[in-house]
Amino acid sequence: MIEVLLLSPLLGFVINALFGRHLPRNLAMAIGCLSVFVSFVCAVLLGVGFIWGGQAVADTYFLYSWIEAAELSVPIEFQIDALSACMILLVSGVGFLIHLFSVDYMHEDPLVHRYFAYINLFIFFMLILVLAKNLVLLFVGWEGVGLCSYLLIGFWFSDPQKAYAGKKAFVVNRVGDAGLLLGFFLLFQAFHTLDIPTILQRAMDVSPTVPTTMLTLATLCLLLGVCGKSAQAPLYIWLPDAMAGPTPVSALIHAATMVTAGIYLFCRLSMLLLLAPLTATVLLCVGGITTLVGALLATAQKDIKKVLAYSTVSQLGYMVMALGVGAFTAAFFHLLTHAFFKALLFLGAGAVIHGLHHEQDMEKMGGLKSKMPVVAVTMGLATLAIAGVPPLAGFFSKDAILVALFQDQLNLVPLGLSRFMFVLGVVTALITAYYMTRLFALTFLGTYRGHAHPHEAPLLMKGVLVVLAVGAMAGGLLDLPHGLGHGWLSARLQPVFQLPEDHHALSLGIELSLMGLSVGAAVLGIWFAYRRTVLMKMAIQDASFTWTRVCLNAFYVDAWYDRLVVKPLAALAYVFKFLDQFVIDGFLKLLSVLSFWLGDLGQAWQSRRVKDGIAWMALGALLFVASLCGMLLK
Amino acid sequence: MNVDISLNLLLPLIWPGLFSMLCFVAALQPALSALGTVFYFVGLVFTLHALAGLWSLVPCEALGSMYYDSLFVWGGIMLTTLFIVIGALNVGRMKQAERWGLLLLVFLGALVILAAKDLLLLFVALEMFFILLVLWMAFFEEGDHPIYATVRLFLTGAFAAGFTVLGISFLFGSAGSLNLADIGRQVSDAPSFFYAFGLLMFLVGIFFKLSVVPFHHWAAEVYQDHAYPVIAMLAVVSKFIGIFILMRVFFHLPMPRELLVGIAALTMTVGNVAALVQQRVKRLLAFSSIAHVGFLLMALVGGNLQGFQAMATYLIYYTFTFMAIAGVLMLFRSQEDRIEEFDGLSGRHPYLALTLTVCLLALAGIPPTLGFIAKWKVFEVAYQTGQMGLLVVAILNSLVAAYYYLAWIVRMYMKQGGTLYWPREKGLPVLVTTIFIMVGLLALSVYPEWLNQLSSLAISNIL
């Protein structure tokens with residue numbers, strides 16, 4: 001079963017990559033979609049025991065041993081528990097929907113078979129990532145999705161700007177991945193194994209053999225990797241540029257699945273985080289800064305996809321904050337609901353872009369609600385969901401995070417800090433409601449400002465949007481807060497995280513007032529945006545307005561990186577260039593000159609005459625005898 | 001002794017002999033000559049079946065001078081598979097039935113070598129293999145000067161055989177027996193000068209077969225003048241047998257380790273640096289195959305069972321990769337056999353270029369091909385047995401080797417203007433065989449479990 005789950009998208013990739021250009025376009029697209037659908041069916045069958053049955057013990061699937069060298073043992077081995085069951089369902093389910101959406105979105109592209117090949121490969125690697133039982137296999141998936149992300153961001157590589165965006169994502173992620181690798185090395189050093197359950201078990205031992213400093217160092221390195229992949233400060237800068245890729249790719253890779261890999265990693269290694277409070281504190285701060293910066297930057301963007309990109313950065317910041325206070329369930333809950341409403345937002349934006357013939361500037365939109373009603377309604381629902389309006393999905397998951405920040409049950413971080421982050425979370429919720437309403441109003445309300453002739457999305461696109469809208473509406477039911485009923489997801493994830501039961505749950509009064517606070521923030525934000533954009537008709541702020549200019553330039557972070565990181569590194573690179581050219585290349589050149597020289601010598605040895613061959617053989621035999629005599633004399 | 005069992009023991013030898021005779025009979029009538037191909041493959045499949053049937057009987061001795069142990073059965077199955085591949089590469093190329101008959105007899109000679117425990121039997125089988133091989137080679141008309149190359153191989157081979165027989169006679173003189181195990185028991189007490197001299201002379205003959213430096217001179221010349229099927233035969237089967245003899249011999253006799261280390265380092269270095277400057281494809285392949293023998297010797301030097309296992313892995317990898325590359329190259333129509341002709345091949349024949357690329361990456365030892373795993377295992381053995389100097393030489397050699405293999409790939413993908421092309425009207429069996437091998441090589445590297453099982457079977461029960 002698990003073989004089919006994994007091999008089906010891989011097979012789709014192989015077929016489309018090798019023979020796609022000879023296949024009819026519809027067949028290539030059908031293969032791409034079908035392979036993921038098969039995966040989805042397998043994921044349902046595999047996950048049913050955990051999701052519905054409430055199975056607590058993880059299933060492990062040992063396929064075969066892969067690398068065996070002394071202490072290092074890396075089998076091809078997978079495990080499914082509630083956490084990975086949710087993830088494979090998400091990846092294959094949402095992945096399948098986005099494949100369907102792509103059929104309409106990409107049908108005119110001449111390289112559509114290549115697109116489906118890449119995106120199938122992405123599904124394969126993402127499944128490897130979430131199913132891996134050891135860290136090396138997880139890393140294979142981690143790098144694999146990074147590769148697919150690079151390939152898909154630069155999918156239209158003939159545009160140098162898009163190719164550059166792909167390169168930027170790749171390079172920035174490399175910084176993070178270096179940290180991740182270092183973290184894995186340190187964990188291996190500390191635990192002498194790379195098997196994840198064994199590491200967690202040894203970490204939880206009553207008599208710890210691994211010093212806390214070691215764990216802190218290792219988790220801090222992992223944190224760097226998470227910052228890269230999950231677009232956290234200071235490495236979030238690649239994600240807005242990643243919007244150069246086709247929009248369904250942004251929905252799948254840069255919103256719903258790949259960028260959440262970092263959150264998944266820390267959920268998977270949750271016990272390590274609990275033993276390293278310093279890392280948790282850093283995590284909380286990183287998440288807090290990212291969520292605020294992302295939300296602020298989203299307020300003044302012109303490009304519809306850029307708003308969503310910064311919004312993703314900001315929402316990922318929420319999840320990271322939740323990780324920082326040890327609220328893994330809340331983080332994962334938000335990951336799930338976010339996957340639905342953010343995928344929906346991106347696909348809705350995709351439908352708009354598609355309908356406007358690849359126009360992404362919101363200045364040239366407006367009044368589209370009459371032209372594309374289905375898109376408008378579903379997008380509206382998603383906007384309310386992300387803004388945190390009850391009873392939509394985003395309300396419950398965001399509320400869970402805010403409650404966790406307020407409560408800080410595990411006391412991992414200083415109390416004042418978690419309270420401060422709570423306030424920051426509420427403020428960000430307000431800003432979120434503002435920029436999302438602004439996006440919706442600029443796109444769908446008012447009068448049409450563009451010149452293209454908008455048309456409603458095709459049937460398949462609409463279908464996908466509606467299915468995702470149902471998810472965005474009902475996703476909150478997965479984990480209702482204590483005051484309102486049963487925490488279903490929390491119960492399922494309890495065996496994975498093994499956190500102590502909620503002893504001092506908040507009283508209903510405090511919980512309701514917290515909810516009221518977040519709803520109030522959402523309503524305030526929505527009203528403020530509505531007033532500015534619709535009532536006051538301040539469509540897009542003038543670029544001369546300082547705030548807008550600063551936001552459009554992303555707070556000049558890229559420029560500062562250029563000045564503070566890239567330039568000094570470039571200067572350092574000159575030193576290495578020197579070393580490289582004269583020392584390393586010198587050695588290699590010496591080796592190559594020597595090799596070629598020896599080769600020429602060997603050529604001279606060679607001749608066409610038969611007797612020369614025999615002469616060399618005789619000489620060799622003589623040498624043997626001579627060496628024998630030499631040994632005898634000794 | 002039960003008659004039934006002894007017939008089972010003889011069957012692997014009876015089938016190739018019987019079917020080769022049938023091939024020669026079929027050669028009488030031109031109308032029947034197509035039957036030669038059929039008899040060849042049927043004979044090999046029967047042999048394969050008979051060999052597989054031996055698993056339950058090993059280890060035992062047959063006819064007083066043959067070892068039937070796991071090494072023999074493993075080697076026999078490998079050899080039969082290799083001959084099936086060689087046959088597949090020659091379908092449609094070898095029209096006359098007698099050529100198929102000869103090839104079966106070459107196979108029979110090779111099979112006996114794998115089991116010989118007696119030096120006399122070993123020598124007879126070796127000569128049977130060699131002389132029939134030369135006869136088989138003489139039928140080919142492709143290549144620059146096939147007859148000249150055949151005669152060259154025959155002359156130098158005859159010279160080398162002289163060394164072998166000289167060595168055997170000295171070994172007999174010093175130990176009073178031709179049986180390897182007996183010699184081993186005699187020697188372990190006090191190796192004499194005559195024993196050492198005999199062993200070295202014997203090795204000269206075997207080293208010639210392996211084209212170990214400095215006995216490698218013939219390889220490049222013969223390859224350059226001859227056809228690809230012959231090259232595959234010489235580079236794969238001849239080396240397989242040579243290495244197998246060394247495995248057998250050094251399982252019983254003490255190993256002159258310093259000599260082998262020196263020879264291995266010399267062979268891989270000369271092979272690789274000479275390959276670096278070659279302009280002709282066949283010569284490049286010749287030196288590349290010489291370099292690979294150096295790596296095989298490196299595994300042999302390990303001397304322990306793990307070394308044998310690494311060598312078994314390397315043999316599986318090298319023999320099949322080389323068969324595949326010979327297969328791809330044999331498809332093309334080339335004017336001058338120059339490496340420039342490959343420029344821009346990916347534009348003309350993308351799938352063939354891809355196949356060739358996979359083979360070249362495998363030869364260079366780059367993951368995800370089997371070459372990486374095989375090389376890694378050999379390095380591991382060298383590390384564990386403390387051959388650090390040899391390990392450093394081997395790693396530098398891998399670097400040099402990567403250069404000329406990758407340069408070839410660069411030619412195919414990044415340069416323009418070559419003239420090589422594939423005349424599509426022929427070569428379907430070759431193409432299918434090649435792709436089959438290539439997929440196998442990739443699959444085994446992702447799933448090395450089979451490989452480990454396969455190579456550990458070889459050493460599970462050695463006599």
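We name chains A, B, ... by the order of the sequence lines, and we start the count at 1 in each one.
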_Under the rule for ring-ring contact (aromatic ring centres under 6.0 Å, His included), what residues qualify as partners of B:Trp218, not counting sequence neighbours?_
B:Phe208

_What I want to check is whether the side chains of B:Arg338 and B:Gln279 have a donor and an acceptor closer together than 3.5 Å._
no

*Using the ring of each side chain (for Trp, its six-membered ring), is B:Tyr351 parallel, tilted or perpendicular to A:His22, with breaks at 30° and 60°?*
tilted

*Of all of B:Leu259, B:Leu276, B:Leu396, B:Asp225, which one pairs up most often with chain A through heavy atoms under 4.5 Å apart?*
B:Leu276

*Under a 4.5 Å heavy-atom cut-off, does chain B meet the side chain of A:Leu18, its backbone, both or neither?*
both

*Heavy-atom pairs under 4.5 Å with chain A, option from B:Tyr403, B:Phe193, B:Trp376 with the top count*: B:Phe193

*asked:* What part of B:Ile373 gets within 4.5 angstrom of chain A, counting heavy atoms only: side chain, backbone, both, or neither?
replied: neither

*Does NZ or CZ of A:Arg174 fall inside the cone over A:Phe170's six-membered ring, less than 6.0 Å from its centre and within 45° of the axis?*
yes

*Approximate separation, where rounding is to 0.5 Å, of A:Tyr115 OH and A:Met29 CE*: 11.5 Å

*Highest number of heavy-atom pairs under 4.5 Å with chain B: which of A:Leu623, A:Leu591, A:Val610, A:Ile76?*
A:Val610

*Could you tell me which portion of B:Pro256 (side chain, backbone, both or neither) has an atom closer than 4.5 angstrom to a non-hydrogen atom of chain A?*
neither

*With a 4.5 angstrom heavy-atom cut-off, which part of B:Tyr447 approaches chain A: side chain, backbone, both or neither?*
both

_Proximity breakdown for B:Phe163 and chain A, heavy-atom pairs closer than 4.5 Å_ = side chain

*Any side-chain donor-acceptor pair under 3.5 Å between B:Tyr404 and B:Asn272?*
yes

_Spacing of B:His217 atom NE2 and A:Leu619 atom CG [to the nearest 0.5 Å]_ = 12.0 Å

_Which atoms of B:Ile263 are under 4.5 Å from chain A, going by heavy atoms: the side chain, the backbone, both sets, or neither?_
side chain

*Looking at B:Glu380, B:Gln278, B:Arg152, B:Gln224, which has the largest count of heavy-atom pairs under 4.5 Å with chain A?*
B:Arg152

*asked:* On a heavy-atom basis, which atom in A:Gly620 and which in B:Pro214 lie closest, and how many Å separate them?
replied: CA-CG, 3.8 Å

*With only heavy atoms counted, which part of B:Val151 is less than 4.5 Å from chain A, the side chain, the backbone, both or neither?*
neither

*Give, as side chain, backbone, both or neither, the part of B:Ala275 having an atom under 4.5 angstrom from any heavy atom of chain A.*
neither

